[in-house]
Structure formats: structure tokens, C-alpha cells
Amino acid sequence: MTTNEKAANEKIYDMVILGGGPAGATAALYGVRAGLSVVILEKMSLGGEIITTDRLDNFPAFPEGISGAEFGMLLEQQLNNLAVPVFTADIEKVELEGEVKYVATTAGNFSGKTVLIATGTEPNLLGVEGEQELLGRGVSYCATCDAAFFRDKEVAVVGGGNAALEETIFLSRLVSKIYLIHRRDQFRGVKGLQDKVLELPGVEVLWNTTVSKIEGGGKVSGLKVNQEGEERFLEVSGVFIYAGRRANAPYLEGAALETTKNGYLETNEKMETSLPGVYAAGDIRKKYLRQVVTAASDGAVAASAAAQFIFS
Ligand SMILES: Cc1cc2nc3c(=O)[nH]c(=O)nc-3n(C[C@H](O)[C@H](O)[C@H](O)COP(=O)(O)OP(=O)(O)OC[C@H]3O[C@@H](n4cnc5c(N)ncnc54)[C@H](O)[C@@H]3O)c2cc1C
């Protein structure tokens with residue numbers, strides 16, 4: 001970033017929040033209430049990953065659960081009520097070492113006494129032939145976003161964790177058949193979801209099975225799979241992939257922050273990273289449980305720690 005670029009936006013916020021998911025949004029709520037000037041930089045919609053999911057059934061105080069989209073709208077309303085400034089901005093580059101931190105985005109440059117990194121995760125690719133070529137043409141990483149294109153069709157879901165199981169349940173209401181492909185002989189997701197999936201009539205689970213190729217000219221027409229050593233072809237028009245996720249922060253390349261080998265940020269109990277005044281919260285940090293409730297908790301802790309850093 002050049003000196004001219006840095007000077008483009010002269011306001012120095014107390015806390016510049018990267019990402020408007022549950023972690024970033026909660027940090028903003030706590031930050032404002034602690035007397036900090038905050039700004040949220042978000043490239044899509046407030047609410048984060050959960051707004052792309054059908055249901056949020058495990059967040060306290062919603063006895064009937066809530067749709068991901070409604071959760072996002074309520075969060076946005078709460079931020080509006082507190083007049084939290086939110087910019088639609090894709091973060092491109094950061095400079096975090098100095099006393100004032102700089103963030104370059106598609107909506108201009110922002111500076112802050114502290115920065116909170118809360119840009120979540122992105123899906124891992126399966127890494128098989130056809131995946132990238134047919135992305136958006138039958139290959140998807142989000143059933144809630146794309147299921148409507150596959151009404152009454154046969155599809156495959158790849159994975160065995162919570163995300164794969166939740167999305168299978170969602171898809172089962174729309175599609176005619178689901179091949180649920182898992183490379184092991186048991187699921188990793190929670191027991192309640194496993195039981196629900198195994199009871200669904202239109203779901204065939206293929207255990208010990210891996211995908212070797214996604215086929216199709218222009219759009220997905222099928223999958224080549226290897227089921228316990230046997231090659232098999234599945235005629236499907238869509239494949240939904242849940243092969244885990246990884247930290248989503250390409251803009252941190254070269255930053256002197258400690259991460260795990262998968263790029264998750266190392267933090268202490270106060271969400272402090274290895275750089276003074278730089279915090280991380282939510283799915284992007286190394287942690288045991290990546291959920292909305294823990295992301296919100298991280299955001300609250302980070303903003304409280306930032307307030308202490310600034311005011312003491
Ligand atoms: C299919 C699926 C189902 C799930 N179901 C549940 C569930 O039932 N219950 C539950 O508690 N959790 C669930 N989760 C997990 C939950 O969504 C996450 O734990 C939570 O959203 C993490 O919040 P976060 O704020 O850390 O990150 P995110 O929610 O990922 O938010 C990060 C935000 O940063 C933004 N961003 C990213 N890069 C940039 C950039 N360069 N510039 C600007 N903005 C950027 C993104 O647009 C996003 O809004 C589910 C996740 C998935 C994928």
C-alpha cells in the first residue's frame with residue numbers, strides 16, 4: 001500500500017472488523033457498547049455463512065429454530081439499531097504491523113487502532129477432474145443456495161460431517177434421489193443428524209466410496225466413483241461437495257501472523273493474535289468447535305479485549 005493510498009480515508013477507527021458473519025457482527029455490537037468506533041467490511045451480506053443454510057436449530061433462545069436468512073436479517077437490524085457503519089467491500093490487502101493498521105478494499109482504504117479478522121472459512125475442493133470445469137453447472141458447495149435447480153432430479157452429496165448431513169436433509173425435500181457418498185464406514189456428524197439421514201427414504205448411502213471423476217459436457221451428467229475397489233458410474237445432474245473447509249484470508253498472505261498449517265489463526269483466550277492490536281474471531285481461528293454460537297462468543301471476547309487495549 002502506498003502512502004497516498006493509506007491517506008485516502010483519514011478516519012482512524014478504534015476497530016476495523018473484517019467480515020460481517022456472527023463473529024464480526026457480535027464484535028461490532030460489543031465494541032459499540034464499549035464505546036469504540038467500529039466499522040464492518042463485508043463483501044457479501046451481513047450474517048455470514050449461516051445465511052446460506054436452511055435452518056439454524058442449535059442457537060439458544062430460538063425454540064423452533066430459525067432460518068439462516070432470517071437470522072442474517074435480525075443481525076443486520078440489530079447493527080442498524082446501533083448505527084454500526086457497514087461497507088460492502090472485498091478486503092484485498094492489509095498492513096498490520098504498525099500502531100495504525102491499514103486495510104485496502106474494493107471500497108477504499110480503512111485504518112484502525114485495532115483490526116479484527118473474522119472472514120471465516122471456504123470449502124475445500126475434492127480435487128478431482130471435472131470439479132472446477134463444472135462448477136456452477138452441477139457442481140455446488142451449497143445445497144441451500146442451489147437445490148432449487150435440481151428439483152425432482154437425482155443428485156449426489158459427498159461428505160460425512162454435519163454440513164453434508166444437514167444439506168442432505170434439506171435436499172431430500174426437493175430431489176428425487178440422493179447418493180450420499182462417504183469415504184469411511186461411518187459418519188462424522190452428530191448422532192441426531194445421522195439418525196435422521198438414515199431414515200430418509202430417497203437416500204442411498206455409499207460407504208467406503210470415493211469420487212474419481214465428475215463427468216459432463218457443459219453440465220454434470222454423472223460421477224465415476226470407486227466403491228470398495230469397484231468402479232461404478234452414478235447418473236446424477238448435481239453433486240454437492242462437503243469435504244471440509246479451510247481458513248479464508250488470502251489477503252493475509254505475507255502477514256507476520258502465526259497460523260496452523262491450514263492457515264487457521266492462532267489466538268489466545270482474549271482472541272489476540274501474534275501481532276499487538278490484531279484479533280481473530282470465529283471460524284478463521286484455530287478452535288475446537290466452529291459454530292454460530294462460538295463465533296459470536298469469540299467476537300464478544302475480541303471486542304472486549306480490544307476496548308481494554310485501547311482504553312488502558
Ligand atoms: C452448510 C453449513 C451448515 C451449518 N450449519 C450450522 C448450524 O446449524 N449451526 C451452527 O451453529 N453453525 C452452523 N454452521 C457453521 C456456521 O455457519 C459458522 O460456524 C459461522 O457462520 C462462523 O461465523 P464467522 O463469523 O466466523 O464466519 P462466516 O459466517 O463465515 O462469516 C465470514 C464473513 O466474512 C466475509 N468475507 C470473507 N472474505 C472476505 C473478504 N475478502 N472481504 C470482505 N468480507 C469477506 C464473508 O462474506 C462472510 O460474511 C454451518 C456451516 C455450513 C457451511
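Because the structure is a prediction, the values reported are computed rather than measured. Both ligands and their constituent atoms are indexed starting at 1 by order of listing. Sequence positions, counted from 1, serve as the residue numbers for this chain.
For CD of Glu266, the number of neighbouring non-hydrogen atoms (other residues, nucleotides, ligands) closer than 6.0 Å is greater than 12. At most 12 non-hydrogen atoms from other residues, nucleotides or ligands lie less than 6.0 angstrom from NZ of Lys196.
A distance-only check finds no donor-acceptor pair linking the side chain of Gln291 to the backbone of Val293 [under 3.5 Å].
Protein residues lining ligand 1, listed by chain and number: Gly19, Gly20, Gly21, Pro22, Ala23, Leu41, Glu42, Lys43, Met44, Ser45, Gly48, Glu49, Ile50, Thr53, Arg55, Leu56, Asn58, Ala89, Asp90, Ile91, Ala118, Thr119, Gly120, Ala163, Glu166, Glu167, Arg245, Asn248, Gly282, Asp283, Arg290, Gln291, Val292, Ala295 [non-hydrogen atoms, distance under 4.0 Å].
Remark: aromatic rings of Phe110 and Tyr102 are distant, center separation not under 6.0 Å.
Side-chain contact check for Ser172 versus Ile178: some heavy-atom pair is nearer than 4.5 Å. The shortest distance between side-chain heavy atoms of Val16 and Ser111 does not fall below 4.5 Å.
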